[in-house]
A.B. asks: 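Have a look at this one before I ask anything.
Just so you know, these numbers use all the heavy atoms, side chains as well, and skip hydrogens, waters and symmetry mates. It should be emphasised that the depicted structure is a prediction, and the values quoted were computed from it without experimental measurement.
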Amino acid sequence: MASANCWRCLSRPSPRLPIHTNILGASSSPLASPAAAFTTSATRTLSKADKLKQESSMAQHIRAGKQFAMGKKKKRQPDKSKPPGLGERKAFRKRIQLSNNNALEVTGLDELTAQSIVDPNSVGRVVGLPEELVDQLRVSEAFKPTQNWGLFRSPHMLVRQETVDLAKQLTSAIDKKETLRMVVTGDRSSGKSMLGLQALSTGFMNNWIVINIPEAQELTTAATEYSQIPNSDQYAQPVHTIKFLQAIQKANLSVLSQCKVELDHIHLPVSASRGTTLAAMAVATKEPEFAWPVFQAFWKELLLPGRPPILFALDGLAHSMRVSDYRSPAFNLIHSHDLALVRIFADALGGKTKFVNGAVILGVSTKGNSLVIPSVEKALEQAAARQNGAPVPPRDPFYRKYDERVFQALDGVKVFDIRGVSKAEARSLMEYWAASGILRMRVDERNVSEKWTLAGSGILGEIEKVALYDIRMSM
């Protein structure tokens, strides 16, 4: 017969069961007290002292929790540091360091001259920049923050084959008193801005009047004050125009000091009588409302016969060929060519401005900070095809947003396309790095070929990344 209780329950110790009184016989002991068969009440009532003792013992085993309040904000600690001043962040971002006392001084290198930059024997050599030329280039903002000038003791640059070819074209056009309109293109980090710096160096060393717009983006991104010119559809940028005139005067002080004012500028609100030097005329005003009339008069004086040749350069060409971020009084976007300073360069690049003394109008494109503008791409493609004698590619018939003003500005320009450097030029550059103590490796045929190949067949910026990566990361 199966048991009513499981064996596991029988093996456990169970409390003593209470025995009912009627089960006990008459012969039971009188000491046995009657008990209830089942009850839920306590066997005895606890005293007040026992209750307090029990509560205190339970409280020791209960961990008190923190009160959680929804939506309670922490007080922010006040920032006690001094905030950056007006323009301090931009100055820090655009700072240029041209020397490093910790780098080794490389001796035995020649300095750049007006004759050596057009000499074919200078190809593949690293040359130093004279101090006077460095000051002129610094004022013109030809040095870029992305270039590694701060790694070396003093500014030096590599004379590549493209440098000599470009310098020959510039000097040949000026000697013939012609106007050379050229756009420098190439792959990213191939050295386009450096080639523009070398073109500016050619102009300074030949005593030309050099005018440089370092960043066209600063003129078109609505980052400076502007106002509409009376009785005109153009817009002036007074504050930027004053800085522009001051940079031109400082960079070309020796040339402008020898040129006198020849026209009567009675309408000018400042004094610019005949016999005044152009250097004094360029800084005749510091008032923003008078900046544009003074610049117009200064530009007319530069175009007179008998003046020195002009080199007008602009970096970031695509930004000057788009619709700017400025707004008209009707809240319509303003085209970049309606900005007065950009219009002067666009007219010069398009051939509308006549230079009787010879001029070079140089536009440098950029790939790192550039906009994809189909009109610019198609215009340069057509100009390169005409230059090489190939069939001119037609416009895309399904694209209706071509800008005719861009095609007029780039009509008839020469395209100067640059690629990577040769292995001999790369070796000369790496030897200079090693002599400066920056490159700590053996410069032989194997290492040069390795870096040249990894850099996409000699792209200068890629060679710097491959060879000087550790140095750049440590800085």
A.B. asks: Would you say P374 and Y399 make side-chain contact, with heavy atoms under 4.5 Å?
C.D. replies: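 Counting from C-beta outward, P374 and Y399 do come under 4.5 Å.
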A.B. asks: Could you tell me if the ring centre of Y326 sits under 6.0 Å from that of Y235?
C.D. replies: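 When the ring centroids of Y326 and Y235 are compared, they turn out to be at least 6.0 Å apart.
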A.B. asks: Looking at side-chain heavy atoms only, is the closest gap between V294 and L245 below 4.5 Å?
C.D. replies: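 The answer is yes; the side chains approach within 4.5 Å.
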A.B. asks: Identify the two heavy atoms, one from R95 and one from P145, that lie closest to each other, and give their separation to 0.1 Å.
C.D. replies: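 Of all heavy-atom pairs spanning R95 and P145, the closest is O-CB, 4.2 Å.
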A.B. asks: Let me confirm one number: the NZ-CG distance from K300 to L302, rounded to the nearest 0.5 Å.
C.D. replies: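 Going from NZ on K300 over to CG on L302, the span is 12.5 Å.
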A.B. asks: Hey, are E215 and K94 close enough for a salt bridge, meaning a charged N less than 4.0 Å from a carboxylate O?
C.D. replies: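 Looking at E215 and K94, the cut-off is not met.
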A.B. asks: May I have the step-by-step check of side chain to side chain contact (heavy atoms under 4.5 Å, CB included) for L333 and D325, ending in yes or no?
C.D. replies: CA-CA 6 Å; L333 290 173; D325 296 335; 5.5 Å; no
A.B. asks: Between T171 (side chain only) and K168 (backbone N and O only), is there a donor and an acceptor less than 3.5 Å apart?
C.D. replies: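 Yes, the answer is positive, given that a donor and an acceptor are paired below the 3.5 Å cut-off.
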A.B. asks: Check the surroundings of atom CD in E289: do more than 12 heavy atoms from other residues, nucleotides or ligands lie under 6.0 Å from it?
C.D. replies: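 Yes.
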A.B. asks: Taking D403 as the fixed residue, which of Q408, K378, H335 is the one that meets the side-chain hydrogen bond (donor to acceptor under 3.5 Å, both in side chains) rule?
C.D. replies: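 The option that passes is H335.
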A.B. asks: Report the C-alpha distance between V376 and L410 in whole Å, list the side-chain angles of each, state the deciding distance to 0.1 Å, and finish with yes or no for side chain to side chain contact (heavy atoms under 4.5 Å, CB included).
C.D. replies: CA-CA 8 Å; V376 176; L410 298 177; 4.3 Å; yes
A.B. asks: Classify the ring geometry of Y432 against H156: parallel below 30°, tilted from 30° to 60°, perpendicular beyond 60°.
C.D. replies: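 Judged by the thresholds at 30° and 60°, the geometry between Y432 and H156 is tilted.
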A.B. asks: Return the minimal non-hydrogen interatomic distance between R440 and G437, and the atom names on each side.
C.D. replies: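 The pair with the smallest heavy-atom distance is NE-O, 3.8 Å.
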A.B. asks: Go through the steps to decide whether E301 and H265 satisfy the test side-chain hydrogen bond (donor to acceptor under 3.5 Å, both in side chains), and finish with yes or no.
C.D. replies: CA-CA 10 Å; E301 291 286 341; H265 304 285; 2.8 Å; yes
A.B. asks: CG/L362 to CG/L170 distance, rounded to the nearest 0.5 angstrom?
C.D. replies: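 Result: 7.0 Å between the selected atoms.
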A.B. asks: Looking at D338 and R405, is any side-chain nitrogen of the basic one under 4.0 Å from a carboxylate oxygen of the acidic one?
C.D. replies: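 Here R405 pairs with D338 in a salt bridge, since their nearest N and O are under 4.0 Å apart.
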A.B. asks: Using the ring of each side chain (for Trp, its six-membered ring), is F295 parallel, tilted or perpendicular to W299, with breaks at 30° and 60°?
C.D. replies: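 Aromatic pair F295/W299 classed parallel.
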A.B. asks: Does F92 have R89 sitting over its ring (NZ/CZ under 6.0 Å from centre, angle to axis within 45°)?
C.D. replies: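 The answer is no, since R89 fails at least one limit relative to F92.
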A.B. asks: For S428 versus R125, what's the shortest heavy-atom pair and its separation?
C.D. replies: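 Scanning both residues completely, I find the closest heavy atoms to be OG-CA, 4.1 Å.
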A.B. asks: Is N388 reaching over with its side chain to a backbone N or O of A390, donor-acceptor style, under 3.5 angstrom?
C.D. replies: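 It does not hold such a pair.
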A.B. asks: More than 12 heavy atoms of other residues, nucleotides or ligands under 6.0 Å from NZ of K250: is that the case?
C.D. replies: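 No, because the 6.0 Å sphere around NZ of K250 holds 12 heavy atoms or fewer from other groups.
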A.B. asks: Run the side chain to side chain contact (heavy atoms under 4.5 Å, CB included) check on S190 and K192 step by step: do they pass?
C.D. replies: CA-CA 6 Å; S190 58; K192 299 182 293 297; 3.8 Å; yes
A.B. asks: Is any side-chain N of the basic residue among R427 and E445 closer than 4.0 Å to the acidic one's carboxylate O?
C.D. replies: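 Salt bridge: yes.
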A.B. asks: Is a side-chain donor or acceptor of R307 paired with a backbone partner of V356 at a separation under 3.5 angstrom?
C.D. replies: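 Side chain of R307 to backbone of V356, a donor-acceptor pair under 3.5 Å: no, none is there.
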A.B. asks: Donor-acceptor pair, distance only, cut-off 3.5 Å: does the side chain of E425 make one with the backbone of Q161?
C.D. replies: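 A pair under 3.5 Å: yes.
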A.B. asks: Report the C-alpha separation of D417 and K414 in whole Å, then their side-chain angles, then the decisive distance to 0.1 Å, and conclude whether the salt bridge (Lys or Arg N to Asp or Glu O under 4.0 Å) test is met.
C.D. replies: CA-CA 10 Å; D417 189 63; K414 290 186 177 181; over 6 Å; no
A.B. asks: For P238, does its backbone N or O pair with a side-chain atom of E225 as donor and acceptor, under 3.5 Å?
C.D. replies: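 Looks like no, no N/O pair under 3.5 Å.
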A.B. asks: Identify the two heavy atoms, one from F244 and one from N212, that lie closest to each other, and give their separation to 0.1 Å.
C.D. replies: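 For F244 versus N212, the nearest heavy atoms are CE1-O, 3.4 Å.
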A.B. asks: Name the one of I463, I459, V466 that satisfies side chain to side chain contact (heavy atoms under 4.5 Å, CB included) with L454?
C.D. replies: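 Among the candidates, only V466 passes.
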A.B. asks: Between A359 and F355, which heavy-atom pair has the shortest distance, and what is it?
C.D. replies: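 In this case the closest contact between A359 and F355 is CB-CG, 3.5 Å.
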A.B. asks: For a 4.5 angstrom cut-off between non-hydrogen side-chain atoms, does D119 reach S122?
C.D. replies: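 Yes - at least one pair of side-chain heavy atoms lies under 4.5 Å apart.
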A.B. asks: Would you say V415 and M182 make side-chain contact, with heavy atoms under 4.5 Å?
C.D. replies: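 SC-SC contact between V415 and M182 ruled out.
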A.B. asks: Step by step, work out the side chain to side chain contact (heavy atoms under 4.5 Å, CB included) result for L256 and T277.
C.D. replies: CA-CA 7 Å; L256 295 178; T277 62; over 6 Å; no
A.B. asks: Measure the CG-CZ distance between L317 and F345 for me, rounded to the nearest 0.5 Å.
C.D. replies: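 One gets 6.0 Å once the value is rounded to the nearest 0.5 Å.
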A.B. asks: Would a distance-only check, ignoring hydrogens and angles, find a side-chain to backbone donor-acceptor pair under 3.5 Å from S172 to Q169?
C.D. replies: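 Checked: no pair found.
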A.B. asks: To the nearest 0.5 angstrom, please state how far the CG atom of L219 sits from the OG1 atom of T224.
C.D. replies: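 Rounded to the nearest 0.5 Å, the CG-OG1 separation comes to 8.5 Å.
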A.B. asks: OG of S436 to CG of L151: how many Å apart, nearest 0.5 Å?
C.D. replies: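 Taking OG in S436 and CG in L151, the distance rounds to 9.5 Å.
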A.B. asks: Only counting residues at least two apart or in another chain, list the ones meeting side chain to side chain donor-acceptor pair (under 3.5 Å) with E404.
C.D. replies: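 R395.
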A.B. asks: Answer whether the closest heavy-atom distance between the side chains of V123 and R160 falls below 4.5 Å.
C.D. replies: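 Of all side-chain heavy-atom pairs linking R160 with V123, none is under 4.5 Å.
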A.B. asks: Please determine if R274 and E262 form a salt bridge, counting it only when a charged side-chain N lies under 4.0 Å from a carboxylate O.
C.D. replies: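 Salt bridge flag = no for E262 with R274.
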A.B. asks: Does the side chain of K260 reach to within under 4.5 Å of the side chain of T276, using non-hydrogen atoms?
C.D. replies: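 Side-chain contact under 4.5 Å: no.
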A.B. asks: Other residues, nucleotides and ligands only: do more than 12 of their heavy atoms fall within 6.0 Å of CD on E131?
C.D. replies: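 Counting neighbours around CD of E131, 12 or fewer heavy atoms of other residues, nucleotides or ligands fall under 6.0 Å, so no.
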A.B. asks: Please determine, by modelled atom types, if D315 and S193 share a side-chain donor-acceptor pair under 3.5 angstrom.
C.D. replies: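 Note: D315 and S193 side chains meet the donor-acceptor criterion.
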A.B. asks: For S320, does its backbone N or O pair with a side-chain atom of H337 as donor and acceptor, under 3.5 Å?
C.D. replies: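 Yes; at least one donor-acceptor contact below 3.5 Å.
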A.B. asks: Do S116 side-chain atoms and L112 backbone N/O form a donor-acceptor pair below 3.5 Å?
C.D. replies: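 No: the side chain of S116 does not pair with the backbone of L112.
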A.B. asks: Quick check: do S457 and R419 have side-chain heavy atoms less than 4.5 Å from each other?
C.D. replies: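 No; the side chains remain at least 4.5 Å from each other.
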A.B. asks: Treating N252 as the side-chain partner and V210 as the backbone partner, does any N or O pair qualify as donor plus acceptor under 3.5 Å?
C.D. replies: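 Indeed, once roles are kept as given, a pair shorter than 3.5 Å links the two residues.
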A.B. asks: Once you round to the nearest 0.5 Å, how far does CD of Q217 lie from NE2 of H319?
C.D. replies: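 Reported value, rounded in 0.5 Å steps: 4.5 Å.
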A.B. asks: Going through the distances and angles, do T163 and Q198 end up as a side-chain hydrogen bond (donor to acceptor under 3.5 Å, both in side chains)?
C.D. replies: CA-CA 7 Å; T163 305; Q198 293 171 345; 2.4 Å; yes
A.B. asks: Between N447 and R442, is there a donor-acceptor pair closer than 3.5 Å when you use the side chain of the first and the backbone of the second?
C.D. replies: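 Yes, because the side chain of N447 sits within donor-acceptor range (under 3.5 Å) of the backbone of R442.
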A.B. asks: Can you confirm whether I334 sits close enough to R327 that some side-chain heavy atom of one is under 4.5 Å from a side-chain heavy atom of the other?
C.D. replies: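 Counting from C-beta outward, I334 and R327 never come under 4.5 Å.
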A.B. asks: Tell me the closest heavy-atom pair linking M430 and L439, and the distance in Å.
C.D. replies: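 Looks like O-CD2, 3.7 Å.
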